[in-house]
Amino acid sequence: MASDAPKPPRKLLFAKYFVAMFAAVVVPLLVAGASEAWLGYRDQRARLSELLSLEARLAAAEIQNFLEGISAQLTWMVHLPWSSGADERRRLDGLRLLRQVPSIMSLRLIDGGGKERLFVSRIGLNRVESGEDFASDPSVVGAAGQRVWLGPVTFQGGSEPFMTVAVAGNRSAVGTAVAEVNLKFIWEVISAIRVGRTGEAYVLDRPGRLVAHPDISLVLRADESAVRPLQLLRAAAAAQAGQAIAGRDLDGQMVMAAMATIPMADWSVIAKQPLAEALGPIYGALWRTGILLVASAILAALLAYWLTQRMVGPIRLLEDGVARIGAGEFGHRIHLTTGDELERLAERLNDMAGELALSQERSERIGRLKRFLAPQVAELVDQAGDDRVLDGRRVEVVVVFCDLRGFTAFSARAAPEVIISALSAYYDALDRVIAAHGATLISFLGDGVMVLVNAPVACSDPALRAVTMACEMQAGVRQLLSEWRKAGHELGFGVGLAMGPATVGRIGSEGRFDYTAIGNVVNLAARLCASAKDGEILVDREAAHAVGTAVVLVEQEARALKGFDQRVPVFAVGASPSNAPA
């Protein structure tokens with residue numbers, strides 16, 4: 001059962017092939033480009049993370065060494081206990097320390113009781129045994145508790161950062177050494193760091209105050225709120241130790257940053273680089289990849305269009321050719337020179353068109369032959385492949401005539417549709433028998449029928465074949481007669497046949513041809529048919545002799561037939577249909 005659902009719209013073959021070919025080129029390029037970009041980004045980020053971490057660790061190590069060096073120098077200053085009087089040796093050692101360590105601006109030595117015993121400075125007056133009480137000074141208290149105490153960063157006169165470093169001796173009797181340290185050295189270390197073209201580093205103390213930055217003005221301002229972005233950047237870096245993270249700096253610019261810790265001061269060194277600069281190689285690679293993809297996509301589109309046209313063009317030619325051949329133009333030929341399967345397909349279609357043309361010609365020829373030949377005979381003539389078998393010639397044939405008795409009266413009384421129905425059944429019954437015996441139906445003339453045996457195709461024992469056929473015709477028609485008589489129509493059926501030479505062949509005009517026989521045997525058969533009574537099959541002497549004893553024939557009294565000067569010997573097939581040969 002056919003479905004009424006609308007069919008989905010068909011997609012054009014051109015679009016399918018174009019998309020497939022375009023995708024076959026562009027998709028791998030996209031995948032390769034994306035993979036290359038991702039791997040490049042990952043590698044570049046790993047290298048950047050390693051570089052920033054290395055710079056931060058190196059800076060932290062230098063600052064750690066700087067602080068440890070100062071601490072070691074101060075430890076050396078307080079390793080001996082104090083005497084009751086002035087100690088000239090310590091004064092000389094203090095001055096020597098200021099000369100050897102440029103970052104120490106002043107040195108104060110305090111004994112175990114918290115009294116100042118020595119003070120030497122680069123810019124102030126030196127004091128010896130001043131006795132000033134520093135027992136409660138934060139540096140002294142801090143050093144007593146931690147041995148090494150580092151004070152907050154200060155700016156003296158808003159110029160350079162300073163920090164107090166205090167170191168206590170191993171014993172309480174040796175006191176404490178307190179030094180004011182110029183942190184310019186740290187600033188110089190930080191300012192010397194360059195990551196890439198514009199990358200830099202800075203130092204935050206544990207609370208988040210800016211200790212060192214390439215822009216010293218930021219340090220001098222000591223504005224914690226202003227350096228809040230740097231504190232957030234440090235917090236993010238601390239959350240992913242050892243990895244570079246992305247964040248914003250003071251200008252709101254996206255940067256990559258890594259952090260290292262200075263253990264002695266619990267400060268943090270952060271090395272950062274602008275993200276645009278850090279990922280510049282990746283951006284460049286992406287641009288190059290994008291340009292390559294665009295160029296590849298354009299090339300792929302042109303290639304796909306060209307290949308699709310090369311493929312779809314012949315297919316359209318094949319489609320047009322198939323449509324024309326299907327419409328009956330069997331002479332149409334498809335010309336393709338692609339040298340591939342499409343060309344072979346075109347050759348197959350051309351062969352098919354040729355075979356269809358031959359088949360059509362044969363069908364038409366058989367159709368014409370069937371108009372006057374039995375189907376089997378028409379097939380034989382066609383298989384012979386030579387219509388000359390229908391040409392005029394003289395051969396010995398058996399002519400059979402048959403007609404209905406009482407048909408004239410019947411046609412005068414019966415309704416036209418009854419007449420047509422009766423003739424149709426009559427002709428069908430005769431046609432089946434004629435076709436079964438390979439005879440040639442020459443014509444229907446009202447209720448009369450003329451049949452030819454042994455022409456145009458010769459057959460063996462034509463007389464016996466004709467008599468046998470006549471008997472079957474009688475048997476078939478008598479069934480119809482029985483039905484018609486029940487309907488009140490008195491009809492009968494008689495057959496006459498004769499054997500002899502006749503001229504057979506096609507006769508007619510250009511528009512219509514008939515195959516027929518001409519000769520005395522035709523007249524004789526017609527006269528025998530006219531002479532036959534209902535149920536009789538009259539045979540002439542020639543046919544009777546040819547049949548011999550194969551069929552029971554009863555010789556009757558010779559009859560005077562119209563058109564014949566002498567009485568004609570007549571034989572009748574056995575009176576009963578049961579006498580017919582099997």
Side-chain angles (χ1 to χ4, degrees), residues 52-78 93-109 119-124 126 138-139 142-143 146-167 176-195 199-222 227 230 234 257-272:
L52 292 174
S53 298
L54 178 61
E55 292 291 343
R57 289 197 301 272
L58 289 176
E62 287 192 42
I63 296 172
Q64 176 77 11
N65 291 336
F66 168 73
L67 296 177
E68 287 178 350
I70 292 176
S71 175
Q73 292 292 340
L74 295 180
T75 299
W76 178 78
M77 291 297 298
V78 293
D93 288 342
L95 292 175
R96 188 180 301 114
L97 178 62
L98 294 181
R99 188 171 59 251
Q100 293 177 348
V101 184
S103 61
I104 296 179
M105 301 304 295
S106 65
L107 173 65
R108 175 178 289 109
L109 297 180
F119 176 80
V120 292
S121 173
R122 296 181 188 276
I123 56 176
N126 297 333
S139 60
Q146 306 172 17
R147 190 170 178 275
V148 178
W149 179 84
L150 302 180
V153 178
T154 59
F155 297 90
Q156 297 180 2
S159 57
E160 295 176 347
F162 286 83
M163 181 179 68
T164 300
V165 179
V167 177
T176 303
V178 180
E180 288 295 321
V181 179
N182 189 342
L183 297 180
K184 181 180 178 180
F185 176 80
I186 298 176
W187 177 79
E188 290 177 347
V189 170
I190 294 300
S191 299
I193 293 177
R194 280 289 179 270
V195 182
E200 57 191 13
Y202 61 92
V203 180
L204 294 177
D205 64 3
R206 186 172 54 82
R209 290 174 297 187
L210 190 60
V211 175
H213 192 279
D215 184 359
I216 190 63
S217 64
L218 296 175
V219 180
L220 296 178
R221 269 184 259 157
V227 298
L230 300 182
R234 183 181 70 169
M259 185 189 77
T261 302
I262 304 172
M264 185 174 178
D266 197 17
W267 292 351
S268 302
V269 178
I270 294 95
K272 64 185 180 69

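Here the structure is a predicted model, which means the values were calculated and not measured.
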What pair of heavy atoms forms the shortest contact from P207 to R234, and how long is it? C-NH2, 4.3 Å
H213 versus W187, closest heavy-atom pair with distance: O-NE1, 2.9 Å
Walk me through whether V78 and T176 qualify under side chain to side chain contact (heavy atoms under 4.5 Å, CB included). CA-CA 6 Å; V78 293; T176 303; 5.7 Å; no
Euclidean distance, L58 CG relative to S53 OG, rounded to 0.5 Å: 10.5 Å
Calculate, to the nearest 0.5 Å, the distance between atoms CZ and CD belonging to R57 and Q64 respectively. 15.0 Å
Residues in salt bridge (charged side-chain N to carboxylate O under 4.0 Å, His left out) contact with E200, at least two apart in sequence or another chain: K272
Should I262 and V269 count as side-chain neighbours, where that means a heavy-atom distance under 4.5 Å? yes
Those residues that, when tested against R122, pass side-chain hydrogen bond (donor to acceptor under 3.5 Å, both in side chains) (two or more places apart): none
Quick one: does S121's side chain have a donor or acceptor within less than 3.5 Å of a partner on I123's backbone? yes
Can you sort out the partners of R206 under salt bridge (charged side-chain N to carboxylate O under 4.0 Å, His left out), two or more places apart, ordered by chain and number? D266
Compare all side-chain heavy atoms of P152 with those of R209 and state whether any distance is below 4.5 angstrom. yes
Less than 4.5 Å apart, any side-chain heavy atom of M264 and any of V148? yes
Which atom names give the shortest non-hydrogen contact between W149 and A143, and what distance separates them? CB-N, 3.5 Å
Please round to the nearest 0.5 Å and tell me the distance separating atom CG of D93 and atom CG of L109. 9.0 Å
Say whether, by atom type as modelled, one donor and one acceptor occur between the side chain of S71 and the main chain of L67 under 3.5 angstrom. no
Residue of the set V165, I186, L183, I70 for which side chain to side chain contact (heavy atoms under 4.5 Å, CB included) holds with S103: I70
Closest heavy-atom contact between L97 and L107? CD2-CD2, 3.7 Å
Go through it in stages, so that I can follow the logic: the residues are N126 and L95, the test is side chain to side chain contact (heavy atoms under 4.5 Å, CB included), and I'd like the CA-CA distance, side-chain angles, deciding distance and then a yes or no. CA-CA 10 Å; N126 297 333; L95 292 175; 4.0 Å; yes
Taking all non-hydrogen atoms of both residues, which atom of A60 and which atom of A260 are closest, and how far apart? CB-CB, 4.1 Å
Rounded to the nearest 0.5 Å, how far does CD of E62 lie from CD of E188? 11.0 Å
Minimum heavy-atom separation for I190 and A201, please, with both atom names. CG2-O, 2.8 Å
Does any non-hydrogen side-chain atom of R147 lie less than 4.5 Å from one of T75? yes
Only one of I270, L218, D215 forms a side chain to side chain contact (heavy atoms under 4.5 Å, CB included) with Y202, so which one is it? I270
